[in-house]
Amino acid sequence: MTPTRLLVAGIGNIFLADDAFGPEVVKALGGRPLPGEVHVRDFGIRGLDLAYRLLDGYDAAVLVDAAPRGHRPGTLCLIEPEIPHVTDSAGHAPEAHGMDPVKVLALAAHLGDGALPRIVVLGCEPQTLPSCDADVAVGLSAPVGEAVQRAVTLLHTVVRALLLDPAAPLSFGHTDEFGAAPPARPPADPAGADEDRRTEPTPPPRDDGCRAHPSASKEHA
């Protein structure tokens, strides 16, 4: 049997405050490494690199990112985004030094001969998220910084499940600001994968000219 191949990708701009959540989680994994068969990489804002890496035969990929969804800062969410379907890559190609996850997934879907790996986003609600043209803001806010180790713990749980079965049902929901992730359970609505299973509405995606989160592809996300 071919061993399961997983990718864990930290994405975000380290100079835009809480947008550095993904890279900081990848850095923290140095102290609590994932199993050796899991490829862990900080992609930063290298969108093209990530798009091509998603075509490298992985069974599943976990993208670790700041994800503004209207929760309390530091809240963690597991999200399974809807993969964009495009007939050409015009207008969907990420910039060489930009990271728009929607464009990254669209480009990878266009370039690939088959289906993309299963994509799961481990997102954290940011407190401070400047726009691209803002001044440099280095360092995570307190609640997001405190969420880094919880994200590492959650990653270990998610990765164990995906290594056993890349199609395993995961718990798509938020974790509270102090506890661990809720126990795994089948999603309530398998067809509606692009959501984090909260009942309250989530505000529209930010439009700062920088990047859009893949969870913004449905009205309720």
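For G74 against A147, the heavy-atom pair with the smallest separation is O-CB, 3.5 Å. Here the closest heavy-atom approach between residue G70 and residue E125 is recorded as N-OE1, 3.1 Å. Considering every non-hydrogen atom in both L105 and L116, the closest pair reads O-CD1, 3.8 Å. L16 and P130 get closest at one heavy-atom pair: O-CD, 3.5 Å. The two residues V144 and P126 make their nearest non-hydrogen contact at CG2-CA, 3.9 Å. I14 approaches A20 most closely through the heavy-atom pair CA-CB, 3.6 Å.
With rounding to the nearest 0.5 angstrom, the CG atom of L7 is 9.0 Å from the CG atom of D56. Note: H71 NE2 to C77 SG = 3.5 Å, rounded to the nearest 0.5 Å. Residue T4 holds its OG1 atom at 8.5 Å from CD of E37, rounded to the nearest 0.5 Å. Between the OG1 atom in T128 and the CG atom in L140 there is a gap of 9.5 Å [rounded to 0.5 Å]. Rounded to the nearest 0.5 Å, atoms OG1 (T75) and CD (Q127) are 11.0 Å apart. A distance of 12.0 Å separates CG in L29 from NZ in K27, rounded to the nearest 0.5 Å.
The side chain to side chain contact (heavy atoms under 4.5 Å, CB included) test with I11 is passed by exactly one of D65, D42, V64: D65. For the side chain to side chain contact (heavy atoms under 4.5 Å, CB included) criterion with I79, the lone passing option out of I119, V121, L122 is V121.
Checked by atom type and distance alone, the side chain of R118 pairs as donor or acceptor with a backbone atom of A168 at under 3.5 Å. A donor-acceptor pair is defined here as one N or O able to donate and one able to accept, closer than 3.5 Å; no such pair exists between the side chain of N13 and the backbone of D19.
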key: Chi angles and distances behind the side-chain contact (heavy atoms from CB on, under 4.5 Å) call for L107, L48   = CA-CA 9 Å; L107 179 62; L48 284 173; 3.7 Å; yes

inquiry  = Please determine whether side chain to side chain donor-acceptor pair (under 3.5 Å) holds for the pair D18 and S141, giving the CA-CA distance in whole Å, both sets of side-chain angles, and the decisive distance to 0.1 Å.
reply    = CA-CA 6 Å; D18 289 342; S141 65; 2.8 Å; yes

inquiry  = Quick one, E80 with L170, criterion side-chain contact (heavy atoms from CB on, under 4.5 Å). Give me CA distance, side-chain angles, the key distance, then yes/no.
reply    = CA-CA 9 Å; E80 189 157 8; L170 300 174; 6.0 Å; no

task = Determine, step by step, whether R32 and L155 satisfy the side-chain contact (heavy atoms from CB on, under 4.5 Å) criterion, reporting the C-alpha distance in whole Å, the side-chain angles of both residues, the deciding distance to 0.1 Å, and the verdict.
result = CA-CA 10 Å; R32 296 174 61 188; L155 265 177; over 6 Å; no

query = So F21 and L76, side-chain contact (heavy atoms from CB on, under 4.5 Å) or not? Walk me through it.
reply = CA-CA 11 Å; F21 174 74; L76 300 178; 3.9 Å; yes

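Within the 4.5 Å cutoff, the side chain of L6 has no heavy atoms near those of the Y58 side chain. Between F43 and V26 the shortest side-chain heavy-atom distance does not fall below 4.5 Å. Using a 4.5 Å heavy-atom cutoff, the side chains of V104 and L54 are in contact.
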